[in-house]
There are 2 protein chains.
Amino acid sequence: MPFSREASAGYLANHMARLFEKGLARRLVPLGLAPAQFMVLLVLWREDGLTQRDLAERLDVEQATMANTLARMERDGLITRSVDAEDRRARRNHLTERGRALEGPATEAAAAQNAAALAGLTEAERAALIAIAAKVIATMRRG
Amino acid sequence: MPFSREASAGYLANHMARLFEKGLARRLVPLGLAPAQFMVLLVLWREDGLTQRDLAERLDVEQATMANTLARMERDGLITRSVDAEDRRARRNHLTERGRALEGPATEAAAAQNAAALAGLTEAERAALIAIAAKVIATMRRG
DNA sequence: ATCACTTGCATAGCATGCTATTCAACAGGA
DNA sequence: TCCTGTTGAATAGCATGCTATGCAAGTGAT
């Protein structure tokens, strides 16, 4: 049996993710924001002042990846970083005014992208997609 | 209503795709192969001698992305590239012996990764995931 | 106190992906 | 033929992501 891209969950996940990211990137450009930066903001809007390690854990990316993303966010004026008083190895990441102000428009952009992507699905299909994807993610994180 | 990563199809797609790619990369390392190279091989095993433009279209990536991937594949001895006799702008991409020989083991690696990822799902859930993902992809490609 | 281990970050090097630009080769019409 | 517009590739520059290292700052046991 030939291996078929079209029926491979891994290939479809990759393709779907690329299209999502491209669409989100386009919607975030006017805000001066990139997709990975938006993910970090999603966390900081709820819990400001987290460390790099905290952020990497919550978004399940490697520490080195987060280090680079945070450096770009600092460069772009979205966050400031200050050495922790208790543990001088750690740096606390805080939202700037600009970073805080983007919550409304950036969230709308992301919601619009999700809506556009899921436009052809029924409510049941949307729920199924989310539930099944969450299961697959859980399986792979354990394995 | 707060925007929730956990219930965002875009976020889940990204997370799922990263985990798939990481797992596949690990399984392909012993073969000296990277995930994007495997995708190109999947196409060439069926249709050898395609141009860069052909490959980019079939995998839905930009021409520049494909140019870089093909350069790495040539460097790694997976393909050779020759100028097309009819159209001297175009270059035909041909599998090497090594590229051809990897079909079996690489396909097995990818199948194993898919199986591991979907291990927690029922047959119906697997079918649903693939069908719904394909629909979402179709929607985004049009939009 | 000292030494070994752990932990938080930074950096190097690489693969993928994108947009934008450039160049050479082709194709079609004036 | 010549000029224009299109098309196939290459390249530059950047964002994300990964692994592997290295360093400084904690921690704990002796």
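Both backbone and side-chain heavy atoms feed into the values below; hydrogens, waters and symmetry mates do not. By convention in this document, chain letters (A, B, ...) are assigned in the order of the sequence lines, proteins followed by strands, and residues within each chain are numbered from 1.
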Subject >> Minimum heavy-atom distance between A:Ala106 and A:Trp45, given as atom pair plus value >> reply: CB-CH2, 3.9 Å

Original post:
Which pair of non-hydrogen atoms, one from A:Pro35 and one from A:Leu24, has the smallest distance, and what is that distance?
Top reply: CB-CD2, 4.2 Å

Original post:
Between B:Arg81 (side chain) and B:Gln52 (backbone), is there a donor-acceptor pair under 3.5 Å?
Top reply: no

**OP:** Please name the pair of heavy atoms, one in A:Asp84 and one in A:Asp87, separated by the smallest distance, quoted to 0.1 Å.
**Re:** OD1-N, 3.1 Å

Original post:
Between the main-chain N or O of B:Leu59 and the side-chain N or O of A:Arg5, is there a donor-acceptor pair closer than 3.5 Å?
Top reply: no

**OP:** Tell me, please, the opening and closing nucleotides of DNA chain D, 5' to 3', among those with an atom under 4.0 angstrom from a non-hydrogen atom of chain A.
**Re:** D:dA15 to D:dG26

Subject >> Residues in contact with DNA chain D, drawn from residues 17-35 of chain A - heavy-atom cutoff 4.0 Å >> reply: A:Ala34, A:Pro35

Subject >> Closest non-hydrogen atom pair between B:Ala133 and A:Leu12, with its separation >> reply: CB-CB, 4.1 Å

Subject >> Those residues that, when tested against B:Ser8, pass side-chain contact (heavy atoms from CB on, under 4.5 Å) (two or more places apart) >> reply: A:Asn114, B:Phe3, B:Tyr11

Original post:
Where do A:Leu78 and A:Gln37 come nearest, in terms of heavy atoms and distance?
Top reply: CD1-OE1, 3.5 Å

Subject >> Side-chain heavy atoms of B:Arg58 within contact of B:Leu50, under 4.5 Å >> reply: yes

Original post:
Who passes side-chain contact (heavy atoms from CB on, under 4.5 Å) against B:Asp60, sequence neighbours left out?
Top reply: A:His15, A:Leu19, B:Arg141

**OP:** Using atom types as modelled and distance alone, determine if a side-chain donor or acceptor of B:Thr96 lies under 3.5 Å from a backbone N or O of B:Gly77.
**Re:** yes

Original post:
Mapping A:Gln37 and B:Ala67 onto DNA chain D by nearest heavy atom, which one lands closer to the 5' end?
Top reply: B:Ala67

Subject >> Residues in contact with DNA chain D, drawn from residues 80-104 of chain A - heavy-atom cutoff 4.0 Å >> reply: A:Asp87, A:Arg88, A:Arg89

Original post:
Looking only at heavy atoms, what is the nearest atom pair of B:Glu125 and B:Gly120, with distance?
Top reply: OE1-O, 4.2 Å

Subject >> Position toward the 5' end of DNA chain C (nearest nucleotide), B:Ala36 or A:Thr51 >> reply: A:Thr51

**OP:** Assess the side chains of B:Arg72 and B:Asn68: does a donor N or O sit below 3.5 Å from an acceptor N or O?
**Re:** no

Original post:
Can you list, by residue number, the residues of residues 53-64 of chain A that have a non-hydrogen atom closer than 4.0 angstrom to DNA chain C?
Top reply: A:Arg53, A:Gln63, A:Ala64

